[in-house]
Structure formats: structure tokens, C-alpha cells
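Heavy atoms only: backbone and side chains are in, while hydrogens, waters and symmetry mates are out. Please read all numbers here as calculations on a predicted model, not as lab measurements.
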Amino acid sequence: MTSDHHAQEIQMLRSEIEMLMNERQSVLRATGAAAVFVANLDSESLPESTYAVADVLAHALNQVSEDSLRDALELVRPTVEAARSEAKKQET
């Protein structure tokens, strides 16, 4: 294997890892937002037609590892806090 070919393979692997890390961040953001949504959801106010979907979401979140869920919540915390702050401003 030539040095150029080896360097090219390394660059391709770096690009793939970067793409996967970006994708992980997107998945973590979605997971964190879903977890916060479920945590703040008033299940009593849900229409019965949404129970099955809510159950699917809850089961999916329960299958996420504790470390990944913690990472997800930490990632969305600033956005959630900003949204809550904005909502409080609009209430007054």
C-alpha cells in the first residue's frame, strides 16, 4: 500500500467519523427534546388516539442507555431553558 493511498484512506475514515459524530449530535438533540417533552407531558390531557404513539416514544426513550440519555439532556438543556425563559416573558 502506498503512502498516498494510506493517507487517502485515513482521510476517508476521518470524514466518516466526523459525519457519524454530527449525526450522533442530531440524534441526541432529538432524543433529549423527546425526553423533556415526555417528562413535561400531562398524560391526562392526551387524546386517547395518541396513547399508542406516546407509548412507543416512552419505550424508545427507555431503551436509550443512561449515559446517552444524560448526554442528550445536557445537549438540549440550554435550548429548553431559553424556551422556558421566553415563555415566561410572554406570559407577563
Side-chain angles (χ1 to χ4, degrees):
M1 189 179 292
T2 67
S3 172
D4 285 342
H5 185 69
H6 186 68
Q8 191 176 26
E9 283 186 344
I10 290 172
Q11 183 57 42
M12 286 173 48
L13 286 172
R14 284 185 178 145
S15 296
E16 184 71 19
I17 289 170
E18 184 177 334
M19 185 183 74
L20 289 171
M21 292 303 292
N22 289 334
E23 183 69 18
R24 180 178 188 272
Q25 291 297 303
S26 295
V27 170
L28 286 175
R29 270 194 228 59
T31 301
V36 170
F37 179 75
V38 168
N40 290 287
L41 190 64
D42 177 11
S43 60
E44 306 256 333
S45 67
L46 282 178
E48 282 190 43
S49 61
T50 62
Y51 286 177
V53 177
D55 191 52
V56 169
L57 177 57
H59 280 37
L61 289 170
N62 285 334
Q63 290 178 346
V64 175
S65 75
E66 189 175 325
D67 287 340
S68 291
L69 191 53
R70 189 177 306 113
D71 290 347
L73 291 170
E74 285 297 316
L75 187 62
V76 298
R77 182 189 309 185
T79 305
V80 169
E81 289 174 355
R84 285 182 177 156
S85 176
E86 186 63 32
K88 283 181 183 178
K89 283 180 189 176
Q90 290 179 1
E91 287 176 2
T92 57

Ser15 side chain to Gln11 backbone, donor-acceptor under 3.5 Å: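 Such a contact is found between Ser15 side chain and Gln11 backbone.
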Set of side-chain contact (heavy atoms from CB on, under 4.5 Å) partners for Phe37, sequence neighbours left out: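 Per chain and number, Phe37 pairs via side-chain contact (heavy atoms from CB on, under 4.5 Å) with Leu41.
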Nearest non-hydrogen partners of [X] and [Y], listed with the distance:
X     : Y     : value
Ala54 : Leu46 : CB-CD1, 4.1 Å
Asn40 : Arg84 : ND2-NH2, 3.0 Å
Gly32 : Leu73 : O-CD2, 4.0 Å

Rounded distance [0.5 Å steps], CD in Glu91 versus NZ in Lys88: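 These two atoms lie 8.5 Å from each other.
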Ser3 side, atom OG; Gln8 side, atom CD - distance, nearest 0.5 Å: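 It is 11.5 Å, given to the nearest 0.5 Å.
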Extract all donor-acceptor atom pairs below 3.5 Å that involve side chains of residues 60-68 and protein atoms in other chains or at least two apart in sequence.
unit_1, atom_1, unit_2, atom_2, d
Asn62, ND2, Ala58, O, 3.3
Ser65, OG, Ser68, N, 3.1
Ser65, OG, Ser68, OG, 3.1
Glu66, OE2, Arg70, NH2, 3.0
Asp67, OD1, Arg70, NH1, 2.9

Verify same cluster id: Leu69, Val76 (apolar side-chain graph, 4.5 Å):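 Yes; tracing contacts between hydrophobic side chains, which count when under 4.5 Å, links both residues.
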Contact list for residues 17-28, test side-chain hydrogen bond (donor to acceptor under 3.5 Å, both in side chains), sequence neighbours left out: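 Every side-chain hydrogen bond (donor to acceptor under 3.5 Å, both in side chains) pair that includes a residue of residues 17-28, provided the two are not neighbours, is Arg24-Asp71.
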